[in-house]
Asks: 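Would you mind keeping the following structure in view while I ask a few things?
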Amino acid sequence: MPQEMRSPIESGCPDGFQYMHPTMRRNYGLWSHHDHPRPGVLVHYAHSGDEIWTVKCATQRILDVFTLRKLCQIGDDFADGYIHFTIRSNVEYVVDSEDKVQPLIDAIEEAGFIVGGTANSVATLSHTQGWLHCDIPGTDASGVVKSMMDELIDEFKECNMPNRVHMTTSCCQINCGGQGDIAINVQHTKPPRIDHTQVGNVCERPSVVARCPVAAIRPAMVDGKPSLEVDEKKCICCGACFPPCPPMQINDAEHSKLAIWVGGNHSNARGKPTFQRLVAAGVPNNPPRWPEATAIVKKILNTYKADAKDWERINDWIERIGWPKFFEKTGLPFTKYHIDNWRGSRNSLNASTHIRF
Ligand code: SF4
Ligand code: SF4
């Protein structure tokens, strides 16, 4: 008898249906319309006459077990036992009738969480894993997020913006995090400092040489030991060499700064994607509250709120008024750092689609 083939082991994303509220599952694909009765609350009406009420609240994203249990307990007690996390680290509770909404909101607020983040509000800032999971961070992105959201709490709770505002942070200069209406990204401003006593013990030198996008790293012998050297004229201070070789230290309390970019947006049914543009460079990376970066972000948001037409995203608004007016209205200085005059890209930038490690 032929041997039965074994069924494949599912190791990908689990089936989302099992986590859905039964009313949501029953009406899947059969919704009629939705409404936004108040900030933080959405209601969806199904053709069958069923309703789903969604209440959204913010978390600090990096959650301890105690807080997670507290959030789940609220779900068990007030939201039919269901809880969803959104990609911006918010929590959504779903109930099937209006009379369950207010007790749910009261329980959320009593536990210290904030309801909001829907429609034309400032959504929770997103940030990348940073110190918790990653080997490259140049700053504490979670700290930047916490400080800024503390100051923007009213913009999260109310819907006063012309359209939705997504903000992102990133804790290094090269990878995730930098795509949003406003992005706060790390900016290194000096080449790495090399600890030559460690390079030979810790780093695989060919991988480090291959990492550099502008071919600025060469193998070298220093004090009779194998090490590396950096051509500082070529180095663009990107920090890509630090993860495969921690002795190439680039994080620096004084020289690692923040930069603020605006206008990044994904494509949608009406428009093409737009790239972010640098609007403030060399902003102090100043923990624990980052007041300088927060002041710039608030200035941009307040100008956008006062000047944009209804439903214009930040990139639409700037497109309409033009960049000179953007700098004029926000009062941000336009400096030489805003001009992209780097001529090395054609010849030396690693622009191939092949990943080389
Ligand atoms: S932004 Fe950079 S440092 Fe932060 S998690 Fe992503 S890759 Fe790591
Ligand atoms: S910081 Fe970037 S450009 Fe400079 S040496 Fe390292 S990888 Fe190359």
Side-chain angles (χ1 to χ4, degrees), residues 60-63 87-89 125-146 148 166-180 182-196 198-199 202-220 222 227-261 264 276 281 283 285 287 290 293 340 342-352 355-357:
Q60 67 271 39
R61 178 172 174 178
I62 293 176
L63 296 169
I87 51 167
R88 297 189 85 81
S89 320
L125 264 79
S126 69
H127 70 76
T128 46
Q129 304 94 321
W131 308 127
L132 274 187
H133 293 275
C134 192
D135 56 359
I136 334 177
T139 192
D140 169 20
S142 341
V144 176
V145 168
K146 169 76 175 112
M148 286 195 181
H166 280 163
M167 289 168 51
T168 61
T169 57
S170 83
C171 32
C172 73
Q173 202 173 268
I174 49 173
N175 288 339
C176 39
Q179 177 66 9
I182 302 178
I184 301 102
N185 298 337
V186 164
Q187 180 189 34
H188 297 299
T189 57
K190 66 155 190 55
R193 188 182 301 125
I194 307 176
D195 178 353
H196 293 289
Q198 292 298 323
V199 172
V202 177
C203 315
E204 199 181 318
R205 292 188 304 155
S207 324
V208 187
V209 170
R211 269 292 179 105
C212 181
V214 291
I217 307 175
R218 288 187 293 259
V222 179
S227 187
L228 297 161
E229 65 182 5
V230 171
D231 179 344
E232 297 198 351
K233 283 209 208 77
K234 278 189 180 174
C235 175
I236 54 170
C237 311
C238 68
C241 49
F242 173 63
C245 187
M248 298 191 68
Q249 187 57 247
I250 193 161
N251 295 343
D252 184 289
E254 189 188 338
H255 295 98
S256 289
K257 306 279 190 188
L258 295 183
I260 296 177
W261 302 66
Q276 304 178 115
V283 181
N285 183 13
W290 290 270
D340 184 2
W342 189 54
R343 287 166 178 247
S345 58
R346 274 281 158 210
N347 299 325
S348 52
L349 184 66
N350 179 5
S352 138
I355 298 170
R356 306 182 324 185
F357 288 113

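We're numbering straight along the sequence, starting at 1. For ligands, and for the atoms within them, numbers begin at 1 and follow the listed sequence.
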Asks: Can we say the SG-SG distance for C235 and C212 is below 2.5 Å?
Replies: no
Asks: How far is atom 2 (Fe) of ligand 2 from its nearest protein heavy atom, and which residue and atom is that?
Replies: C238 SG, 2.4 Å
Asks: Need the ligand 2 atom indices (1-based, order shown) with element for anything under 4.0 Å from a heavy-atom of I236.
Replies: 3 (S)
Asks: Would you please test C203 and C245 for disulfide (SG to SG under 2.5 Å) and show each step?
Replies: CA-CA 5 Å; C203 315; C245 187; 2.1 Å; yes
Asks: Before giving the answer on side-chain contact (heavy atoms from CB on, under 4.5 Å), spell out for T169 and M148 the whole-Å C-alpha distance, their side-chain angles and the decisive distance to 0.1 Å.
Replies: CA-CA 11 Å; T169 57; M148 286 195 181; 5.6 Å; no
Asks: Of C212, C235, P243, C245, which has the heavy atom at the shortest distance from atom 4 (Fe) of ligand 2?
Replies: C235
Asks: Could you tell me, atom by atom, which parts of ligand 1 come under 4.0 Å of a heavy atom of C171?
Replies: 1 (S), 3 (S), 4 (Fe), 5 (S)
Asks: Return yes when P191 approaches ligand 2 closer than 4.0 angstrom through a heavy atom, no otherwise.
Replies: no
Asks: Please examine the side chains of V186 and C172, heavy atoms only from C-beta on, and report whether any two atoms are closer than 4.5 Å.
Replies: no
Asks: Just which atoms of ligand 1 are under 4.0 Å from any heavy atom in C134?
Replies: 3 (S), 5 (S), 7 (S), 8 (Fe)
Asks: Could you tell me if the side chain of Q187 sits less than 4.5 Å from the side chain of Q173, heavy atoms only?
Replies: yes
Asks: Just which atoms of ligand 1 are under 4.0 Å from any heavy atom in P137?
Replies: 3 (S)
Asks: Measure from atom 7 (S) of ligand 2 to every heavy atom in C241, P192, P244 and give the option owning the shortest one.
Replies: C241
Asks: Which ligand 2 atoms, with their elements, are less than 4.0 angstrom from a heavy-atom of I217?
Replies: 5 (S)
Asks: For a 4.5 angstrom cut-off between non-hydrogen side-chain atoms, does N251 reach Q249?
Replies: yes
Asks: For ligand 2, which atoms, with element, lie under 4.0 Å from some heavy atom of V214?
Replies: 3 (S)
Asks: Once you round to the nearest 0.5 Å, how far does CD1 of I217 lie from CG of L228?
Replies: 6.5 Å
